[in-house]
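Let me begin by presenting the structure, written as structure tokens, before commenting on it.
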Number of protein chains: 2
Amino acid sequence: MGEAAAKQEKARGSAEGKAGERTPDRSNPRAQALLDAAEALLAETGYEGLSARAVAERAGVNKGLVFYYWGSTAELFEQVLERYYAAHKASLAESFAGEGSLRERVHEVIDVYLDFMETHRAYARIVQQQVSSGGPHVGLVRRHLSEVLGMTTAMLAEVTPESGPLAARHFHLSLSAVVINYFTYAPILGEGFWGTDPFGEEALAERRAHVHWVVDAWLAALER
Amino acid sequence: MGEAAAKQEKARGSAEGKAGERTPDRSNPRAQALLDAAEALLAETGYEGLSARAVAERAGVNKGLVFYYWGSTAELFEQVLERYYAAHKASLAESFAGEGSLRERVHEVIDVYLDFMETHRAYARIVQQQVSSGGPHVGLVRRHLSEVLGMTTAMLAEVTPESGPLAARHFHLSLSAVVINYFTYAPILGEGFWGTDPFGEEALAERRAHVHWVVDAWLAALER
DNA sequence: CATCGTTTTGACCACGAGGTCAAACTCGAA
DNA sequence: TTCGAGTTTGACCTCGTGGTCAAAACGATG
């Protein structure tokens, strides 16, 4: 998808439309409005709530513009997801670059991970939806997952073997599962047997403490 | 839908006078064929693949029968999910009833849990779909989750406090996350950086070893 | 055979999805 | 003022969805 190529179409205005392609300007306010509307909608209602109609209406814009600017709904959503993942990766990457003992660094990563989840409450749901339903954007998820896995592996290299049940990839999967599933299950948990609101401050703090405890247990066991 | 339903009620009421009930016999072979077809379809293609048309076609039966026997697609799927959960709960309940030390019992539960997952490969996907997309059957999931949580809590009662970050419910959530997420992420993992087929025998055995290691680490840490 | 309740069918409906398109509009440059 | 590229609109298309319904087929019972 070369967007750079599409930029310089303007020069050949009156010449001829030989390669007569469209030149929608995605920096146009309307195009951005659509993007923002899609993002908001994604956060609020999840992937299901996304439809060309809904997004256009939300943006106060004609539905046709979705296709004029973004080609298809899939492409639009891909942009939104990309934004999301980029933000996640960025915040994680920073935490990975921290200093200190392994334990300190791991805890830092967890905190940042949890912070992101708490701030972007729809994130967990969106990722899980894509993953578990084999949505059209699994490729994106895979790429993202792959990159983050790389960071984890590097960080844990000093204590985990390269293969086998204690390989870093297993811990990455397990840890992210422990983190992410709380947020996807929270709405269900809340209405009933969890007691308090799982998204309440105390509940989140308690869960955070649990996750920290969990990795401490792992690190302690790994040191043998 | 509400208006349509109302219309229908009126029509029926005036036409038949009394509480016009249907008397579809759900033990009818066709009704069962529909149920089986839905189950197969659910396992193969997940919740998305389920549609009245698809199910009927699969069962070699007219689409109208779906509504004649089951009232609505939602009700049909509910039956299927109920079956699924019942099977899961049954197998788990048996394992919970085992004897031996706490550690032995926990490992037994995990093995049974993993066995079930390996046998019913669509299970993880289905549950996660329902949970993460707030599907129409979350209620079912909640009930199921609640029951299984009860078992875990009882089992862990001797080592975990009743509240706080080390409460049994946290471990339940974390453990089931570690177990279930492998199966939802496996398809993604496979195509790329996991190396071998995540559903292959060795990979599954390796993951199983990892999960066992994980809970051993937890139990060890809890014993202080 | 005739009857009557149950079962089965296929045509049909409304709706919302993604997507297309020609016509209308906008607005800067010639 | 005219032109034309880029933009915007609304009508329209196809498809698949859940769901309805009248009529036909079936099956036991009188």
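Treat the numbers as computed from the prediction; the structure is a model and nothing was measured. Residue numbers start from 1 in every chain, and the chains themselves are labelled A, B, ... in the order their sequence lines are given, proteins ahead of strands.
In this view, Ala59(A) and Ala33(A), Leu34(A), Ala37(A), Val61(A) satisfy the side-chain contact (heavy atoms from CB on, under 4.5 Å) rule, not counting sequence neighbours. Among residues two or more places apart in sequence or in another chain, the side-chain hydrogen bond (donor to acceptor under 3.5 Å, both in side chains) test is passed with Glu44(B) by Arg58(B).
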| task | Check the pair Arg169(B) / Glu206(A) against salt bridge (Lys or Arg N to Asp or Glu O under 4.0 Å), numbers first and verdict last. | result | CA-CA 12 Å; Arg169(B) 59 171 190 256; Glu206(A) 184 178 304; 3.1 Å; yes

| message | Assess the residue pair Arg53(A) and Val66(A) against the criterion (side-chain contact (heavy atoms from CB on, under 4.5 Å)); give the C-alpha distance rounded to whole Å, side-chain angles, the decisive distance to 0.1 Å, and a yes or no. | response | CA-CA 9 Å; Arg53(A) 275 176 177 78; Val66(A) 169; over 6 Å; no

| task | Begin from the C-alpha positions of Leu81(B) and Leu42(B) and carry the test side-chain contact (heavy atoms from CB on, under 4.5 Å) through to its verdict. | result | CA-CA 9 Å; Leu81(B) 290 177; Leu42(B) 187 70; 3.9 Å; yes

| said: Does Asp25(A) form a salt bridge (Lys or Arg N to Asp or Glu O under 4.0 Å) with Arg30(A)? I'd like the steps, not just the answer. | reply: CA-CA 10 Å; Asp25(A) 176 15; Arg30(A) 311 271 188 140; over 6 Å; no

| request: Give the C-alpha distance, both sets of side-chain angles, the deciding distance and a yes or no for salt bridge (Lys or Arg N to Asp or Glu O under 4.0 Å) between Arg143(A) and Glu82(A). | output: CA-CA 10 Å; Arg143(A) 259 203 355 251; Glu82(A) 200 104 51; 2.7 Å; yes

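The distance between atom CH2 of Trp70(B) and atom P of dT8(C), rounded to the nearest whole Å, is 13 Å. Spacing between atom CZ of Arg26(B) and atom C1' of dT6(C) amounts to 16 Å, rounded to whole angstrom units. In this structure, Leu65(B) places its CG atom 16 Å from P of dC21(D), rounding to the nearest Å. As rounded to whole Å, 16 Å separates atom P of dT17(D) from atom CD of Glu48(A). Rounding to whole angstrom units, CD of residue Glu57(B) and P of dT17(D) are separated by 10 Å. Here dT6(C) presents its C1' atom at 10 Å from CG of Asp25(B), a figure rounded to the nearest Å.
Environment of CD in Glu147(A): crowded, with over 12 heavy atoms of neighbouring residues, nucleotides or ligands closer than 6.0 Å. For Glu94(A), the CD atom is loosely surrounded, since the number of other residues' heavy atoms within 6.0 Å does not exceed 12.
Tested against Ser91(A), the residues Phe116(A), Tyr113(A), Phe96(A) include a single side chain to side chain contact (heavy atoms under 4.5 Å, CB included) partner, Phe116(A).
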Check nucleotides 23-25 of chain D against the protein and report each pair of N or O atoms closer than 3.5 Å, with its distance, or say if there are none.
none

What are the atom names and distances for every N/O pair under 3.5 Å that joins the protein to nucleotides 14-19 of chain C?
| unit_1 | atom_1 | unit_2 | atom_2 | d |
| --- | --- | --- | --- | --- |
| dA17(C) | OP1 | Ser51(A) | OG | 3.3 |
| dA17(C) | N7 | Arg53(A) | NH1 | 3.3 |
| dG18(C) | OP2 | Ala52(A) | N | 2.9 |
| dG18(C) | N7 | Arg53(A) | NH1 | 3.2 |
| dG18(C) | O6 | Arg53(A) | NH2 | 3.4 |
| dG19(C) | OP2 | Thr73(A) | N | 3.0 |
| dG19(C) | OP2 | Thr73(A) | OG1 | 3.3 |
| dG19(C) | N7 | Lys63(A) | NZ | 3.1 |
| dG19(C) | O6 | Lys63(A) | NZ | 2.1 |

Table of protein N/O atoms under 3.5 Å from nucleotides 23-30 of chain C N/O atoms:
none

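Here the CG atom belonging to Leu145(B) is positioned 6.0 Å from the CG atom belonging to Leu189(A), to the nearest 0.5 angstrom. Atom CD1 of Ile180(A) and atom OH of Tyr185(A) lie 11.5 Å apart (nearest 0.5 Å).
For the OP1/OP2 pair of dT20(D) and a distance below 4.0 Å, the side-chain nitrogens and oxygens of Tyr68(B) include no atom meeting the criterion. The phosphate of dT8(D) (OP1 or OP2) has no side-chain N or O of Asn62(A) nearer than 4.0 angstrom.
Judged purely by distance below 3.5 Å, without hydrogens or angles, the side chains of His137(B) and Tyr47(B) pair a donor atom with an acceptor atom.
Five base pairs at each end of the helix from dC1(C)-dG30(D) to dA30(C)-dT1(D) define two local axes, and these are offset by 30° (rounded to 10°).
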